[in-house]
Amino acid sequence: MLSSPMFASEEETLIIFDASVSMLGNFQGQPKYLTAINEAKSVLDTMPSSKLIGLRTIGISIDGALAAFLQNPDELCKATKLTAPIRANNIEYIKTSLDNILPLGTTPLTYSLNLAINYDFTRSAELKHIILVTDGGESCNGDPCKYIREIMQTRKDIKIDIIAIGVSGEDFAQLKCLTDSTFGSIINITKPSELKQAFNNFLVPSIKYENSPQKDQIIYKNFLIEVNE
């Protein structure tokens with residue numbers, strides 16, 4: 001019926017928000033990161049409090065750690081933080097965390113994905129849904145495409161959707177590899193008005209039920225899901 005993996009009906013979602021310095025760039029009158037934050041918050045407000053969701057940021061946080069990063073440039077490629085651990089009743093905490101973002105630093109994408117996949121999700125049997133918001137690809141020494149392809153050889157519980165903000169060329173190809181390898185989707189935003197719909201597509205489930213003689217099934221964004229009794 002479908003070539004996609006089969007998952008339990010409940011998922012955990014992790015937003016990975018690129019807060020590197022390039023996100024300060026102008027996006028038709030406003031910094032890219034501010035536009036993305038505002039639209040993300042508007043969609044988060046529509047979500048149920050029971051949603052299992054968290055936030056990881058990429059980039060330097062402007063706090064006491066900044067001095068350490070400046071003293072040791074190698075740490076720039078480890079600049080990522082689980083800002084809001086995945087849990088229910090987390091929407092307001094995530095919105096506050098987004099408001100505290102000030103983009104600095106680079107984009108250690110492979111390193112961030114490795115931490116997210118191996119440490120941020122709490123339920124090993126559930127679908128691990130990553131929503132990456134970024135304006136570019138890897139800027140350190142990693143190869144996220146190779147990393148994800150290797151991971152997916154032995155794991156089928158990861159899905160990556162990407163909201164790309166004006167990404168092109170090799171960076172876009174690299175990001176598309178992540179979604180292609182995990183049965184996800186990529187939306188490349190060219191104007192601010194498209195951001196809200198992109199967040200809505202990935203954060204708000206699109207579910208329909210199908211009855212079969214053998215069992216009840218759900219088709220969730222092209223994934224075949226068994227309904228737990």
Side-chain angles (χ1 to χ4, degrees), residues 2 4-19 27 32-57 82-99 101 113 116-117 120-123 125-135 156-167 175-176 178-180 182-210 216-228:
L2 291 174
S4 308
M6 297 175 68
F7 295 104
S9 59
E10 191 174 59
E11 71 173 43
E12 290 187 342
T13 297
L14 180 71
I15 300 171
I16 301 183
F17 194 97
D18 181 359
F27 192 41
K32 285 179 275 189
Y33 85 100
L34 280 180
T35 305
I37 285 172
N38 290 336
E39 298 300 348
K41 287 166 60 180
S42 70
V43 175
L44 286 167
D45 278 335
T46 69
M47 299 180 64
S49 60
S50 59
K51 174 68 177 177
L52 297 170
I53 189 169
L55 173 70
R56 172 174 285 277
T57 54
L82 180 62
T83 313
I86 296 171
R87 59 181 176 84
N89 303 305
N90 213 17
I91 301 300
E92 291 303 317
Y93 186 30
I94 290 173
K95 288 165 57 181
T96 299
S97 299
L98 288 169
D99 282 336
I101 286 175
L113 287 171
I117 290 169
D120 294 353
F121 293 95
T122 60
R123 301 188 181 191
E126 306 298 338
L127 168 62
K128 298 164 179 61
H129 181 201
I130 292 173
I131 301 173
L132 172 64
V133 184
T134 184
D135 66 341
K156 303 299 181 185
D157 60 342
I158 301 162
K159 178 184 178 185
I160 300 176
D161 288 320
I162 298 178
I163 298 175
I165 303 176
V167 181
L175 296 178
K176 193 171 186 303
L178 301 181
T179 58
D180 287 349
T182 61
F183 299 96
S185 300
I186 184 168
I187 300 176
N188 200 15
I189 301 303
T190 59
K191 51 188 176 182
S193 60
E194 298 171 341
L195 268 167
K196 184 172 184 178
Q197 185 58 50
F199 278 110
N200 191 68
N201 284 350
F202 294 147
L203 282 170
V204 180
S206 176
I207 296 176
K208 67 177 180 178
Y209 290 86
E210 291 193 356
D216 288 334
Q217 298 173 334
I218 299 174
I219 304 301
Y220 170 73
K221 294 182 179 178
N222 298 322
F223 283 80
L224 177 61
I225 302 169
E226 299 298 331
V227 179
N228 296 324

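Predicted model, so just to flag it, every value in this text is computed and none were measured.
Residues Phe17 and Ile37 approach most closely at CZ-CG1, 3.7 Å, considering heavy atoms. Minimum interatomic distance between Leu14 and Ala116 (heavy atoms only, all atoms of both residues): CD2-CB, 3.5 Å. Residues Ala198 and Ile189 approach most closely at CB-CD1, 3.9 Å, considering heavy atoms. Contact record, Leu55 with Ser97: CD2-CB, 3.7 Å, taken as the closest heavy-atom pair. In terms of heavy-atom proximity, Thr179 sits nearest to Ser185 at CG2-O, 3.3 Å. Lys196 and Ser42 make their closest contact through CE-OG, 3.6 Å (heavy atoms, listed as atom of the first residue, atom of the second, distance).
Side-chain contact between Met47 and Leu203 is present, with at least one heavy-atom pair separated by less than 4.5 Å. The closest side-chain heavy-atom distance from Leu195 to Phe27 is below 4.5 Å. At least one side-chain heavy atom of Asn201 sits under 4.5 Å from a side-chain heavy atom of Ile187. Contact annotation: the side chain of Ile101 never approaches that of Leu34 to less than 4.5 Å [non-hydrogen atoms, C-beta and beyond]. Considering only heavy atoms from C-beta on, Ile158 comes within 4.5 Å of Ile117 through its side chain.
Salt bridge status for Lys41 with Glu92: absent, with no side-chain N to carboxylate O gap under 4.0 Å. The pair Lys95-Asp45 meets the salt-bridge criterion, with a side-chain N (NZ, NE, NH1 or NH2) lying under 4.0 Å from an Asp/Glu carboxylate O.
The side-chain hydrogen bond (donor to acceptor under 3.5 Å, both in side chains) test with Lys128 is passed by exactly one of Thr122, Asp157, Thr13: Asp157. Remark: of the listed residues Ile186, Val133, Ile130, Ile186 is the sole one forming a side-chain contact (heavy atoms from CB on, under 4.5 Å) with Ile162.
To the nearest 0.5 Å, atoms CG (Asp135) and CG (Leu175) are separated by 9.5 Å. Atom CD of Glu194 is separated from atom CD1 of Ile165 by 11.0 Å, given to the nearest 0.5 angstrom. To the nearest 0.5 Å, atom CG of residue Leu113 and atom CG of residue Leu178 are 6.0 Å apart. A distance of 8.5 Å separates CD1 of Ile53 from CD1 of Ile86, quoted to the nearest 0.5 Å. Note: Gln197 CD to Phe202 CZ = 10.0 Å, rounded to the nearest 0.5 Å. Taking NE2 from His129 and CG from Asp161, the interatomic distance works out to 3.5 Å, rounded to the nearest 0.5 Å.
Of the possible donor and acceptor atoms, one in the side chain of Asn188 sits under 3.5 Å from a partner among the backbone N and O of Val167. Listed for the Asp120 side chain is no donor-acceptor partner under 3.5 Å among the backbone atoms of Pro85.
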Residue pair Glu12, Lys51: steps toward the salt bridge (Lys or Arg N to Asp or Glu O under 4.0 Å) verdict: CA-CA 8 Å; Glu12 290 187 342; Lys51 174 68 177 177; over 6 Å; no
Criterion side-chain contact (heavy atoms from CB on, under 4.5 Å) on Arg87 and Tyr93, from CA distance to verdict: CA-CA 10 Å; Arg87 59 181 176 84; Tyr93 186 30; 3.7 Å; yes
Audit row: Glu39, Thr35, side-chain hydrogen bond (donor to acceptor under 3.5 Å, both in side chains) steps and yes/no: CA-CA 6 Å; Glu39 298 300 348; Thr35 305; over 6 Å; no
side-chain contact (heavy atoms from CB on, under 4.5 Å) between Leu44 and Leu98, intermediate numbers included: CA-CA 11 Å; Leu44 286 167; Leu98 288 169; 4.1 Å; yes
